[in-house]
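Structure record follows, encoded as C-alpha cells.
We use all heavy atoms of the structure for the numbers below, so side chains are in, but hydrogens, waters and symmetry mates are not.
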Amino acid sequence: MAREFSRSRRVGQQLQRELAMVLQREIRDSRLGMVTVNEVEVSKDMGYAKAFVTFLNDDEAEVKAQMAALVELAPMIRSLLASRVKLRVMPEIRFQYDKSLVEGIRMASLVSKVRAEDEAKAKSADDDKSEETE
C-alpha cells in the first residue's frame, strides 16, 4: 500500500504546527504582532523549509517590517524548533509572505459588491415595470 503523504509533506505539517506554537508562545517581539503560519513546504533533501505567513494587518510598510523581523529572528526560531521537533538536521527556515488570504478577502468583497449592485438594478427594474402596469 502506497503512502498517502511523502515524508517531506509530513515533516512540513509538523513544522507548521510547531512553528505556529513557537511564534505564538515563545517569541516576544513587539515588531511581529499576530502571525499566522499558513503552510510550510520542506525541500526533498530536508535542507530548507519555506514558511508561508500572513499578518493581522495588510499595510504594505508594516508587512515589510514584520517580514524583516521574522528574517532576523529565523536562526533563533530554528533553534527553538530543533528542541521541539526531533529531526537529524533541522531545515533552514525561509519566510515568505502569503497574500492569498488578503486577495481572497478582496475578491469576496468585490463579488458581494457586484451582487448588491445587480440586486439593486433588478429591484429598480421591477419597480419600473410595476409603475408601467398601473
Side-chain angles (χ1 to χ4, degrees):
M1 184 170 145
R3 290 186 179 171
E4 194 171 322
F5 298 106
S6 65
R7 181 167 190 262
S8 61
R9 194 161 181 194
R10 290 190 314 262
V11 170
Q13 289 174 346
Q14 184 178 8
L15 285 177
Q16 178 183 356
R17 285 189 301 271
E18 295 299 330
L19 181 59
M21 296 300 279
V22 164
L23 288 173
Q24 181 182 22
R25 295 186 178 158
E26 296 186 30
I27 301 295
R28 301 282 183 230
D29 195 330
S30 61
R31 298 175 293 175
L32 286 182
M34 182 68 180
V35 182
T36 303
V37 181
N38 294 341
E39 186 178 356
V40 176
E41 291 179 358
V42 181
S43 64
K44 295 283 184 199
D45 64 353
M46 305 286 174
Y48 298 96
K50 192 185 305 183
F52 295 93
V53 296
T54 57
F55 303 103
L56 185 62
N57 55 1
D58 60 343
D59 180 40
E60 192 171 330
E62 289 185 32
V63 167
K64 284 184 181 181
Q66 290 171 325
M67 286 301 296
L70 276 177
V71 169
E72 183 182 319
L73 293 169
M76 184 177 78
I77 293 170
R78 182 180 181 196
S79 66
L80 289 171
L81 279 175
S83 67
R84 291 171 156 253
V85 179
K86 300 302 177 203
L87 292 174
R88 185 175 182 152
V89 176
M90 178 56 61
E92 179 184 326
I93 301 169
R94 296 178 177 174
F95 292 100
Q96 188 167 358
Y97 179 63
D98 185 12
K99 52 185 154 184
S100 64
L101 181 67
V102 174
E103 285 297 310
I105 292 171
R106 186 181 71 81
M107 295 294 278
S109 70
L110 287 174
V111 167
S112 62
K113 179 182 172 185
V114 168
R115 288 184 71 180
E117 289 173 0
D118 285 348
E119 289 173 2
K121 286 179 185 178
K123 185 178 180 184
S124 66
D126 288 344
D127 290 344
D128 290 344
K129 285 182 183 179
S130 65
E131 287 177 3
E132 289 175 2
T133 57
E134 290 179 0

Note to self: I need the Leu81 CG to Met21 CE distance, nearest 0.5 Å.
What the structure shows: 12.0 Å
Item checked: Test side chain to side chain contact (heavy atoms under 4.5 Å, CB included) applied to Glu41 and Phe52, step by step -> CA-CA 8 Å; Glu41 291 179 358; Phe52 295 93; 3.7 Å; yes
Notebook entry, point to check: Once you round to the nearest 0.5 Å, how far does CZ of Arg84 lie from CZ of Arg17?
Noted result: 12.0 Å
Check: Can you find a pair of side-chain heavy atoms, one from Ile93 and one from Leu15, that are under 4.5 Å apart?
Finding: no
Note to self: With heavy-atom distances below 4.5 Å as the criterion, would you say the side chains of Gln66 and Val35 are in contact?
What the structure shows: no
Margin query: Testing the basics here: between Val71 and Pro75, what is the closest heavy-atom pair and its distance to 0.1 Å?
Written below: O-CD, 4.0 Å
Next item on the list: Can you see which heavy atom on Leu87 is nearest to which on Arg7, and at what distance?
Entry: CD2-NH2, 4.0 Å
Item checked: Flag, side chain of Arg31 to backbone of Ala65, donor-acceptor distance under 3.5 Å -> no
Next item on the list: List the atom of Ser8, the atom of Ser43, and the distance in Å for their closest heavy-atom pair.
Entry: CB-O, 4.0 Å
Next item on the list: Please tell me if the side chains of Met46 and Arg88 come closer than 4.5 Å, counting only heavy atoms from C-beta onward.
Entry: no
Next item on the list: With rounding to the nearest 0.5 Å, note down the distance linking CG in Leu56 to OG1 in Thr36.
Entry: 7.5 Å
Check: Do Ile77 and Glu26 have side chains that get closer than 4.5 Å, going by heavy atoms?
Finding: no
Notebook entry, point to check: Hey, what do you get for CE (Met107) to CD (Glu103), rounding to the nearest 0.5 Å?
Noted result: 7.5 Å
Next item on the list: Please round to the nearest 0.5 Å and tell me the distance separating atom CZ of Arg9 and atom NZ of Lys44.
Entry: 10.0 Å
Next item on the list: State, with a plain yes or no, whether a side-chain heavy atom of Leu19 is found less than 4.5 Å away from one of Val53.
Entry: no
Item checked: Where Met90 and Arg78 come nearest, the two heavy atoms and their spacing -> O-NH2, 2.6 Å
Next item on the list: Show which residues join Val89 in its hydrophobic cluster (side-chain heavy-atom contacts under 4.5 Å, direct or indirect), or state none.
Entry: none
Note to self: For Met76, is the CE atom crowded, meaning more than 12 foreign heavy atoms sit under 6.0 Å from it?
What the structure shows: yes
Check: Which heavy atom in Arg94 sits nearest to a heavy atom in Tyr48, and how many Å separate them?
Finding: NH2-CE2, 2.8 Å
Check: Quick one: does Leu70's side chain get under 4.5 Å of Phe55's, heavy atoms only?
Finding: yes
Next item on the list: May I ask you to check whether over 12 heavy atoms, not counting those of Glu117, lie within 6.0 Å of atom CD?
Entry: yes
Check: Does some side-chain heavy atom of Gln14 sit less than 4.5 Å from a side-chain heavy atom of Val40?
Finding: no
